Amino acid sequence: MTANTPIISLRNVYKFYGQLTALNDVSLDIYPGEKVVIIGPSGSGKSTLLRSINRLETVDLGKIVVDGVDVNDPATNINKVRQDLGMVFQNFNLFPHKNVLENLTLAPTKLRGMSQEAANLLAVELLKKVDISDKAAAYPSRLSGGQQQRVAIARALAMSPKIMLFDEPTSALDPEMIGEVLDVMVNLAREGMTMVCVTHEMGFAREVADRIIFMDKGEILEEGGPEHFFANPSHPRLQKFLQQIL
Amino acid sequence: MENPSQQHIRIEVSDGASIPDPKDRRIVTAWSISIFGAITSLILLCLLKSDPFWNMLQFVSDGVIVTFQVTIFSILLAIPIGMVTGLGRLSQVRAINLVASTYVEVIRGIPLLVQLFFIYYGLGRFFGVGGIPAAVIAMSFCYGAYMGEVFRAGISAINKGQAEAARSLGFNQSQTMRLVIMPQAWRTILPPIGNEFIAMLKDTSLVSILAVADIMRRGTEYAGQYFNYFEAFTLVALVYLIITLILSKGVSIMEARLNYYDR
Ligand SMILES: Nc1ncnc2c1ncn2[C@@H]1O[C@H](COP(=O)(O)OP(=O)(O)O)[C@@H](O)[C@H]1O
Ligand SMILES: [Mg+2]
């Protein structure tokens, strides 16, 4: 696959919740290695968009293709697709009955057929990367929010995904812990990971994003590079949103 | 009127024994008074009036084994029935959901004794199954429905984010259930299963009518021979009470232990 074939492609996607249109004719292409940041007010459909990429939400109309596979095709093995799509949630969702190391090794051993030894080595490596090596044997309830989120990122990375999806990964954190999680994400971006991040951290967006997407009421209203985006926002609703958030 | 603040939720489905609070460190509690009273009464009766009480106790003790046999086999069968029922009640597939819900609805609407008779005599008449196996099957079908509610509640108490995290890693639905949801759900499910076990142990006294030589039946037989019904049921009551008190303490200890990863 060449760099000018999108690795994620959404075409005219709609999602309805009763009367509400959560996604309204969304089309979007994301290319390998690209870092895309999605911003927008609460309830604008950012999570729905992100979660429709790995079919945690099924869309009602339109087409979503990930790495050449139609996600909503009934013949698609969605579990296989998800193995290459890491996801990080606002509330971490670590497995509380497993310690940190086991949280990381569960999926690679059960899904990738990796031996426990190999998975442990990989896990230790990843824990080093997210700077939390000393907590391998701890249960999640013993960790701070920032530590839990870093472990959650490592858990997703343990499947060696091609793409990482982040849904407001720092929104549930105390302010003093946001930095440590963003650092991990910045490093990941530098290594070339394809990333789609819903976030309100404009500093992160400015530093990392190749492209920023502004959503409101289920629609993509504006997209562009960070320079353009912050300097000359053209849509009045984006101007208003940026005023409120910055 | 002010609402009392919501405390930690414990699933209670049927009328099991009351489980002592594991955090209660006091020596004088309803539990300790009951167990002390029951054991002392039993010992005093056997010592001071060994005829009939000591003789009866020896006669009834065979029944204790039968009671435990029936209860243990029934619970071992009721747990998988309950698990399937609970998962069925949570299923998105309407047909499966309906089957499970109807089973629970029907069982809940019929008195236990009537169900036991119905299944027991049904099994005997159409399949030639009798005695303890029939009693066990009858008990487990009745309790499977209650157990289904325990499983349903225990599974639905697990945060939706857990399943989403597992699915997003690529686990399929049954792997998610087996590796992520059930190991967590057991923690909330096991104490009420303990409760159900105790409730079941008491309810097995009903099967005594079905030619199963449990505690209750042994007591009745002895009384029938010597016409000392009051003494016999005093002893039978004490034996049941001591057993359930010990078991409820066990459940209480188990409940406290199961919270290990929260601490
Ligand atoms: N399961 C659901 N049922 C009904 N409405 C929903 C559901 N999930 C999301 N919505 C609605 O869809 C809209 C978009 O939600 P979401 O994608 O979560 O927004 P965001 O992540 O931008 O805050 C919101 O109005 C939300 O209330
Ligand atoms: Mg959201």
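Worth saying up front: this structure is predicted, and the values here are computed from it rather than measured. A note on names: the letters A, B, ... follow the listed sequences, proteins ahead of strands, and every chain is numbered from 1.
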Do His97(A) side-chain atoms and Leu179(B) backbone N/O form a donor-acceptor pair below 3.5 Å?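 At least one qualifying donor-acceptor pair exists.
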
Heavy-atom neighbours of [X] [atom1] exceed 12 at 6.0 Å:
X: Phe141(B); atom1: CZ; answer: no
X: Gln173(B); atom1: CD; answer: no
X: Phe36(B); atom1: CZ; answer: no
X: Phe68(B); atom1: CZ; answer: yes
X: Lys162(A); atom1: NZ; answer: no

Counting only non-hydrogen atoms closer than 4.5 Å, does [X] touch chain B with its backbone (N, CA, C, O), its side chain (CB onward), both, or neither?
X: Leu165(A); value: neither
X: Arg155(A); value: both
X: Asn54(A); value: side chain
X: Phe89(A); value: side chain
X: Leu56(A); value: side chain

At their closest point, which heavy atom of Asn79(A) faces which heavy atom of Phe171(B), and how far apart are they?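 Taking Asn79(A) first and Phe171(B) second, the nearest heavy atoms are OD1-O, 3.5 Å.
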
Heavy-atom side-chain proximity of Gln83(A) to Leu169(B) below 4.5 angstrom: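 With C-beta onward as the side chain, the pair stays apart.
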
What verdict does the side-chain contact (heavy atoms from CB on, under 4.5 Å) test give for Ile78(A) and Asn172(B), after you've listed the backbone C-alpha separation in whole Å, the side-chain angles of each residue and the deciding distance to 0.1 Å? CA-CA 9 Å; Ile78(A) 190 65; Asn172(B) 65 28; over 6 Å; no

Quick one: salt bridge (charged side-chain N to carboxylate O under 4.0 Å, His left out) pairs with a partner in residues 77-106 of chain B, sequence neighbours left out?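 Salt bridge (charged side-chain N to carboxylate O under 4.0 Å, His left out) check on residues 77-106 of chain B returns Arg89(B)-Glu149(B).
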
Using non-hydrogen atoms and a limit below 4.5 Å, what part of residues 159-168 of chain B faces chain A?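 Listed by number: Gly161(B), Gln162(B), Glu164(B), Ala165(B), Ala166(B), Arg167(B), Ser168(B).
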
